[in-house]
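We count ligands from 1, going down the list as the structure has it; atoms in each ligand are counted the same way.
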Amino acid sequence: MIELDANQIAEATGGRLTATVDPKTVVTSANTDSREMSPGALFIARRGETTDGHNFITAARQAGASLVLAERETQDDQGAVDPAVIVEDSTLAMGRLARYIVEKIREHSETTVIAITGSVGKTSTKDALAALLATQGPTIAPQGSYNSEVGVPLTIFTAGLDTRYLVVEMGADRIGNITELTDIVRPDISVVLTVGTAHAASFGSVDNIALTKGEIVEALPAGGIAVLNADDIRVAEMAKRVPAQASTMWFSAAYAPPQREHLVFAADAGTTENENPQFKLQYFGPDANDADQTGHEVTAQLIGEHHTTNLLAAATAAYAAGISLDTIASLMPTITPTSAHRMARTDRTDGITIIDDAYNANPESMRAGLKTLAMLGRNTGRRTWAVLGPMLELGTSHAKEHILLGEVVVRLNIDQLVVVGSDARALYTGAVNEGSWGDEVDHVLSNDEAFDLLAQRVEPGDIIFVKGSNGTRLWELADQLTTVDLVGQKEKRK
Ligand SMILES: Nc1ncnc2c1ncn2[C@@H]1O[C@H](COP(=O)(O)OP(=O)(O)OP(=O)(O)O)[C@@H](O)[C@H]1O
Ligand SMILES: [Mg+2]
C-alpha cells in the first residue's frame, strides 16, 4: 500500500482521530483480518455476517497494527483507548480510503484501471489478464475472487505508487452494486463477459442482472473503452449505454468478422484432445495490421472450451490497454489457472484424473464443466464421473435448475453421477427421470460418504470431475481425492 499518515486516513474516510493517535503515525498496509497484520498496518474493524471485527482490535494491535479504523472507541487491556480513526460505517470508509489511494496513484504516474464483471468467468479472466499485463509493467489484481465492497478496496490497498495496471473484479448481488464499486475505482477499461442466472434470486430477474452489470460501462470516462462480448445478446446491448466520449471494443468466438468494428475474434475455435482451447487470434479494426487480420495460432493451457471467452476477453482488454496482438498471442499459451479449484487437473500416478472445479457452481458453469468432462471422455475413451453438489442462490428456480442439470448429465453420456448433499436431491431425480438407473447414479449426503463411495468404485483410467457451490465446501472432497491413495483404500476394503 502507499504510505499514509493518520490525518490522511481521517481525511479520506471523513472520520475523527481518537485523542490517543500520534499524528505522525504512518501506515503501510491495511486489512480487515487481524491475522494478516504486519508492523505499521491499519486494522479495519468491520461488522461481518458472523463476527464483529471490533473484537479483534487487541489481537491486531498485538500483531503490529499501528492504527485502527473502527465504528466505536475501544480500549486495550490496560484501559487505554486504542488509537483509531472513528467512522460511522467501516465498510463504506474502506471504500473511501481506496478511492483516495487510487487518486494518489493516478497523480503519481500513468495508471490504467481495468474492471471486469459478468455472471461467470470474472476470476478466470482477471487471472489471464493480470498474467498478460504483468509482462508489461507493475500489475495489481485481486487475490482469489475478491470482488465486493470489501474485496475491491482490499485489492487497492495492495497497490503502490508505481502500479501501472490495476485489475479489479466486480461482482454484484443487487441493482446499483456495480456503481458503488465504480465510485470507489473508476475504470478506464470496463469488461463485461456474460449475463447469466448467477445470483438470480437476489436480483429478481435476468433483466435486472443485465441492468446492473451494464453499470460498469456507464462509469467510463471520456477516452474509456468498453470491452463487450458480442456473442452474448444482453452484453452486446450494453453498447448503447457506453458514454458518448468513450468507445467500444468487441470480442467474439462466434460471429464471422467484420460484423463489428474493433473486434477481437477467435477464428476456428475448438479444443485439443485434452480440451485445451485452440483458436486463431485475429483483430479487425481501422488500426489492425496485416498480421492482426491473418491471425496468430493459439493453444491455451486452460481446460474447457468455455475458457475461450475468458481468454478472448483478457486479450481484448490487454489490446485496449495498448499491448500488441502478436505480444498477446505469444503470451496466451503461458496462462495457467492462478486461483484455486477452477478446472484444476491432477493426473494421479495411479492413472486416475481429478478435475477440481469446486470453487463455485451455477447452471452456466456446471454445463460448461460437464461438457468439458464429456468431451474428455469422448476424446480418450476413459470412464467419466461427475461428482456434483448443489447450486445455491437460485431461489425459486432451485428445483427446476437441478432437475435440468440432472438431465444434462445423462444427455452428455457421463458414465457415473454422484450427487452430494440433501440440497442437490433434485439433480439426482432429474438424472433418474432422464433414464439413468442402477449404480450409474448415486445420491449421498456428505463429502465423506462421497469419498467412501468413490474409494470403493473408481478404477485407474477414470476421470473424476468435482463441482458444487462454494458454500458446500466440495473442494475439500476434491483436495482429498487429489491427495489420498484411492487404489490403496480399495485394497484395504477388500
Ligand atoms: N465463460 C464461461 N462459461 C461457463 N462457465 C465458465 C466460464 N468461465 C468460467 N466458467 C466456470 O465458472 C466457474 C467460476 O469461474 P470464475 O471463478 O472465473 O468466475 P467468477 O465470475 O469469478 O465467479 P464468482 O462470481 O463466483 O466470483 C468455474 O467453474 C469456471 O470453470
Ligand atoms: Mg470470482
Novice: Closer than 4.0 angstrom, basic N to acidic O: yes or no for E364 and R367?
Specialist: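 Looking at R367 together with E364, the answer is no, because their closest N to O distance does not fall below 4.0 Å.
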
Novice: For the pair K213 and D232, find out whether any cationic side-chain nitrogen is under 4.0 Å from an anionic carboxylate oxygen.
Specialist: no

Novice: Specify side chain, backbone, both or neither for H306, according to which of its non-hydrogen atoms lie closer than 4.0 Å to ligand 1.
Specialist: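 Both of them.
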
Novice: Record the part of S365 in heavy-atom contact with ligand 1 below 4.0 Å; permitted values are side chain, backbone, both and neither.
Specialist: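 The part of S365 near ligand 1 is both the backbone and the side chain.
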
Novice: Under 4.0 Å, heavy-atom basis, I'd like to know which part of A368 is in contact with ligand 1: side chain, backbone, both or neither.
Specialist: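 Within the 4.0 Å criterion, A368 contacts ligand 1 through side-chain atoms alone.
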
Novice: Would you call R47 and D52 a salt bridge, using N to O less than 4.0 angstrom?
Specialist: no

Novice: Using a strict 4.0 Å cut-off to heavy atoms of M343, name the atoms of ligand 1 that fall inside it.
Specialist: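 Listed by number with element, the hits are 31 (O).
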
Novice: To the nearest 10°, how many degrees is the angle T123 OG1 to the Mg ion (ligand 2) to S145 OG?
Specialist: 90°

Novice: May I ask you to check whether R342 has an N/O atom sitting below 3.5 Å from an N/O atom of ligand 1?
Specialist: yes

Novice: Determine, step by step, whether T327 and S324 satisfy the side-chain hydrogen bond (donor to acceptor under 3.5 Å, both in side chains) criterion, reporting the C-alpha distance in whole Å, the side-chain angles of both residues, the deciding distance to 0.1 Å, and the verdict.
Specialist: CA-CA 5 Å; T327 304; S324 72; 2.7 Å; yes

Novice: Which ligand 1 atoms does N147 reach within 4.0 Å, using its non-hydrogen atoms?
Specialist: 27 (O)

Novice: Evaluate T309 for polar contact with ligand 1, using N/O atom pairs at a separation under 3.5 Å.
Specialist: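 Checking ligand 1 against T309, no N or O pair falls under 3.5 Å apart.
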
Novice: Looking at E169, which of its N, O or S atoms is the nearest one to the Mg ion (ligand 2)?
Specialist: OE2

Novice: Is it true that E434 and R411 have a side-chain N and a carboxylate O under 4.0 angstrom from each other?
Specialist: yes

Novice: Hydrogens and angles aside, do T111 and T163 bring a side-chain donor and acceptor to less than 3.5 Å of each other?
Specialist: no

Novice: Any chance the side chains of R378 and T384 put a donor and an acceptor closer than 3.5 Å?
Specialist: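 Side chains of R378 and T384: no pair found under 3.5 Å.
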
Novice: Are D231 and S252 close enough that a side-chain donor and a side-chain acceptor fall under 3.5 Å?
Specialist: yes

Novice: Below 4.0 Å from any atom of ligand 1, is there a heavy atom belonging to K126?
Specialist: no

Novice: Are Y283 and Y319 an aromatic pair, judged by ring center distance below 6.0 Å?
Specialist: yes

Novice: How does L193 reach ligand 1, by side chain, by backbone, by both or by neither, if only non-hydrogen atoms under 4.0 Å count?
Specialist: neither

Novice: Hey, is ligand 1 close enough to G121 that some N/O pair sits below 3.5 Å?
Specialist: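 Such a contact does occur with ligand 1.
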
Novice: State the atoms of ligand 1, each with its element, that fall below the 4.0 Å cut-off from a heavy-atom position in Y359.
Specialist: 17 (O), 24 (P), 26 (O), 27 (O)

Novice: Can a salt bridge be assigned to the pair D357 and R345 using a cut-off of 4.0 Å between side-chain N and carboxylate O?
Specialist: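 Salt bridge: no.
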
Novice: Is the shortest distance from a heavy atom of K467 to ligand 1 less than 4.0 Å?
Specialist: yes

Novice: Which atoms of ligand 1 sit under 4.0 Å from any heavy atom of E169?
Specialist: 22 (O), 27 (O)

Novice: Between T194 and ligand 1, which residue portion shows a heavy-atom distance shorter than 4.0 Å: side chain, backbone, both, or neither?
Specialist: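 It is neither part, as no heavy atom is under 4.0 Å.
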
Novice: Is it true that K371 and E275 make a salt bridge, defined as a side-chain N closer than 4.0 Å to a carboxylate O?
Specialist: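 So K371 does not pair with E275 through a salt bridge.
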
Novice: Under the salt bridge (Lys or Arg N to Asp or Glu O under 4.0 Å) criterion, do D452 and R457 qualify, and how do the steps go?
Specialist: CA-CA 9 Å; D452 287 344; R457 298 199 13 221; over 6 Å; no

Novice: Quick check on contacts: which atoms of ligand 1 are under 4.0 angstrom from a heavy atom of N310?
Specialist: 1 (N), 7 (C), 8 (N), 9 (C)

Novice: For K122, take its heavy atoms, then give the atoms of ligand 1 lying under 4.0 Å from any of them.
Specialist: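 Result: 18 (O), 19 (O), 20 (P), 21 (O), 22 (O), 23 (O), 24 (P), 25 (O).
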
Novice: Near N360, which atoms of ligand 1 are under 4.0 Å from a heavy atom of that residue?
Specialist: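 With N360 as reference, the close atoms of ligand 1 come out as 26 (O).
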
